[in-house]
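What follows is a single structure, written as structure tokens, with notes after it.
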Amino acid sequence: MHVRELIEKNYPEYYGWFEYPAERTVAFCSTRDEWGILGNFGRTPLVVDGVRFYAAESLFQVMKFTDPVARRDIYSYEGQKLKMRAKHWEKEVGVRPDWGEILVDALKFCLMTKLEQCEAFRSELARTGDRFIVEVQNNSRRPADTYSAKLTPDGGAWSGPNLMGRLLMELRDKGKLVYHLPDDVKLFPDLK
């Protein structure tokens with residue numbers, strides 16, 4: 001099942017398509033962008049269960065799996081190679097059986113951990129003020145995906161599901177994200 005379908009089924013409150021006026025939007029795509037630290041690939045080392053993760057994306061990808069070989073392998077990578085290894089293991093051994101039911105909560109956990117442990121992230125998130133936050137889908141041949149939005153042809157708005165941006169705005173505006181996860185998803189004895 002596609003991530004979009006899992007969110008529609010298990011997190012209907014986070015399912016949808018939205019538009020944000022470009023002139024009132026903070027957009028990020030690359031970690032080298034001005035707002036790059038807002039993304040999960042932004043270099044914000046995190047420590048969970050005594051294990052250091054180079055970025056929230058590393059934590060998020062490892063949380064998808066129960067297989068210890070897959071987890072150790074994914075943990076050893078950074079950047080886009082990390083995502084490619086996770087995709088490999090999704091095909092090879094599959095994700096946690098409950099992943100579709102907890103994936104937004106896992107993302108919330110990663111963002112809360114980042115907020116708690118990274119001053120630079122807290123500062124940049126606050127600096128967005130009351131502007132909209134959008135994760136950019138930069139592939140011109142693909143539509144916006146579950147996590148991102150694309151600039152409309154006239155350049156006047158960002159359009160897409162923008163799950164990541166919406167969670168960041170919720171975190172900024174409420175100061176926290178509420179999540180519910182099984183205890184084992186936050187434990188990493190196989191990575192110590």
Side-chain angles (χ1 to χ4, degrees), residues 1-18 38-42 44-117 121 133 135 137 139 142-149 160-171 174 176-192:
M1 195 176 284
H2 188 273
V3 171
R4 179 187 50 78
E5 294 164 329
L6 293 172
I7 291 172
E8 182 180 16
K9 177 182 176 189
N10 298 300
Y11 295 95
E13 68 277 22
Y14 288 105
Y15 179 77
W17 195 274
F18 304 88
L38 297 177
N40 268 1
F41 282 102
T44 53
L46 306 173
V47 177
V48 179
D49 190 33
V51 176
R52 183 180 172 91
F53 294 87
Y54 90 95
E57 187 69 22
S58 177
L59 174 59
F60 182 72
Q61 293 297 335
V62 169
M63 290 171 73
K64 286 183 181 179
F65 300 90
T66 56
D67 183 89
V69 174
R71 287 162 54 100
R72 281 192 301 274
D73 183 57
I74 293 163
Y75 178 75
S76 70
Y77 286 88
E78 295 183 6
Q80 289 302 315
K81 289 181 180 180
L82 166 82
K83 279 187 93 167
M84 298 315 292
R85 289 310 294 168
K87 286 184 186 299
H88 163 79
W89 286 107
E90 285 175 21
K91 293 175 187 166
E92 192 72 25
V93 298
V95 296
R96 298 174 56 96
D98 60 352
W99 184 245
E101 299 162 20
I102 66 170
L103 74 96
V104 173
D105 287 298
L107 189 52
K108 288 179 175 183
F109 171 75
C110 293
L111 289 172
M112 279 300 298
T113 302
K114 190 172 171 176
L115 183 77
E116 293 163 357
Q117 296 184 16
F121 172 70
I133 302 173
E135 181 172 27
Q137 166 56 274
N139 186 329
R142 292 179 54 198
D145 66 14
T146 304
Y147 298 98
S148 66
N162 192 36
L163 176 62
M164 185 64 167
R166 290 171 50 220
L167 288 174
L168 286 165
M169 289 183 283
E170 183 179 336
L171 178 58
K174 293 182 178 177
K176 67 177 182 174
L177 294 170
V178 176
Y179 57 85
H180 304 284
L181 290 170
D183 289 338
D184 71 319
V185 79
K186 299 179 284 183
L187 300 175
F188 304 98
D190 51 323
L191 302 180
K192 292 181 181 177

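Hydrogens, waters and symmetry mates play no part in the numbers below; they use all other heavy atoms, side chains included.
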#### Entry: Met63 CE to Ser58 OG distance, which is reported to the nearest 0.5 Å
11.5 Å

#### Entry: All pairs passing salt bridge (Lys or Arg N to Asp or Glu O under 4.0 Å) where residues 75-88 contributes a residue, at least two apart
Arg43-Glu78, Asp73-Arg85

### Query
What distance do Ile74 atom CD1 and Leu82 atom CG have between them, rounded to the nearest 0.5 Å?
7.0 Å

## Note on the structure
Which of Phe109, Tyr54, Trp99, Phe41 passes ring-ring contact (aromatic ring centres under 6.0 Å, His included) with Phe60? It is Trp99

### Task
Mind checking the CG-SG spacing from Leu167 to Cys110? Nearest 0.5 Å is all I need.
11.0 Å

## Note on the structure
residues 50-65 vs salt bridge (Lys or Arg N to Asp or Glu O under 4.0 Å), sequence neighbours excluded, gives Lys64-Glu90

### Message
Can you give me the closest heavy-atom contact between Pro161 and Thr146, atom names plus distance?
### Response
CB-O, 3.3 Å

### Query
Any side-chain heavy-atom pair from Arg72 and Val69 closer than 4.5 angstrom?
yes

### Query
Mind checking what makes ring pair (Phe, Tyr, Trp, His ring centres under 6.0 Å) contact with Phe65, not counting sequence neighbours?
none

### Query
Between Arg96 and Asp67, is a salt bridge (Lys or Arg N to Asp or Glu O under 4.0 Å) present by the stated rule, with each step listed?
CA-CA 8 Å; Arg96 298 174 56 96; Asp67 183 89; over 6 Å; no

### Task
Examine Trp89 together with Tyr75 and report whether their ring centres are nearer than 6.0 Å.
no

### Query
Is it true that atom NZ of Lys192 has more than 12 heavy atoms of other residues, nucleotides or ligands lying nearer than 6.0 Å?
yes

### Message
Going by the rule ring pair (Phe, Tyr, Trp, His ring centres under 6.0 Å), which residues pair with Phe121 if we only count those two or more places apart in sequence or in a different chain?
### Response
none

### Task
Measure across Gln61 and Ala86 and return the closest heavy-atom pair with its distance rounded to 0.1 Å.
OE1-CB, 3.0 Å

### Query
Side chains of His180 and Val178: does their closest heavy-atom pair fall under 4.5 Å?
yes

### Task
Hey, could you give me the CG/CE distance between Leu107 and Met164, rounded to the nearest 0.5 Å?
5.5 Å

#### Entry: Heavy-atom donor-acceptor pair, Asp145 side chain to Ser148 backbone, under 3.5 Å
yes

### Message
Is it the case that the side chain of Glu101 and the backbone of Asp98 share a donor-acceptor pair, with hydrogens and angles ignored and the cut-off at 3.5 Å?
### Response
no

### Message
Any heavy-atom pair between the side chains of Pro182 and Asp184 that's under 4.5 Å?
### Response
yes

### Query
Which residues pass the ring pair (Phe, Tyr, Trp, His ring centres under 6.0 Å) test with Phe188, sequence neighbours left out?
Phe53

### Message
Any side-chain to backbone donor/acceptor pair from Asn162 onto Glu135? Under 3.5 Å, distance only.
### Response
yes

#### Entry: Rounded distance (nearest 0.5 Å) linking atom CG of Leu163 with atom CD1 of Ile7
5.0 Å

### Task
Measure the shortest side-chain to side-chain distance between Asp49 and Pro189 over non-hydrogen atoms and say whether it is less than 4.5 angstrom.
yes

### Message
According to salt bridge (Lys or Arg N to Asp or Glu O under 4.0 Å), does anything in residues 105-115 pair up with another residue at least two apart or in another chain? List the pairs.
### Response
none

### Query
What distance separates Leu111 CG from Asn40 CG, expressed to the nearest 0.5 Å?
5.5 Å

### Message
Glu170 vs Tyr14, test: side chain to side chain donor-acceptor pair (under 3.5 Å). Steps then yes/no.
### Response
CA-CA 11 Å; Glu170 183 179 336; Tyr14 288 105; 2.7 Å; yes

### Task
Ignoring hydrogens and angles, tell me if any N or O in the side chain of Thr44 forms a donor-acceptor pair with the backbone of Gly42 under 3.5 Å.
yes

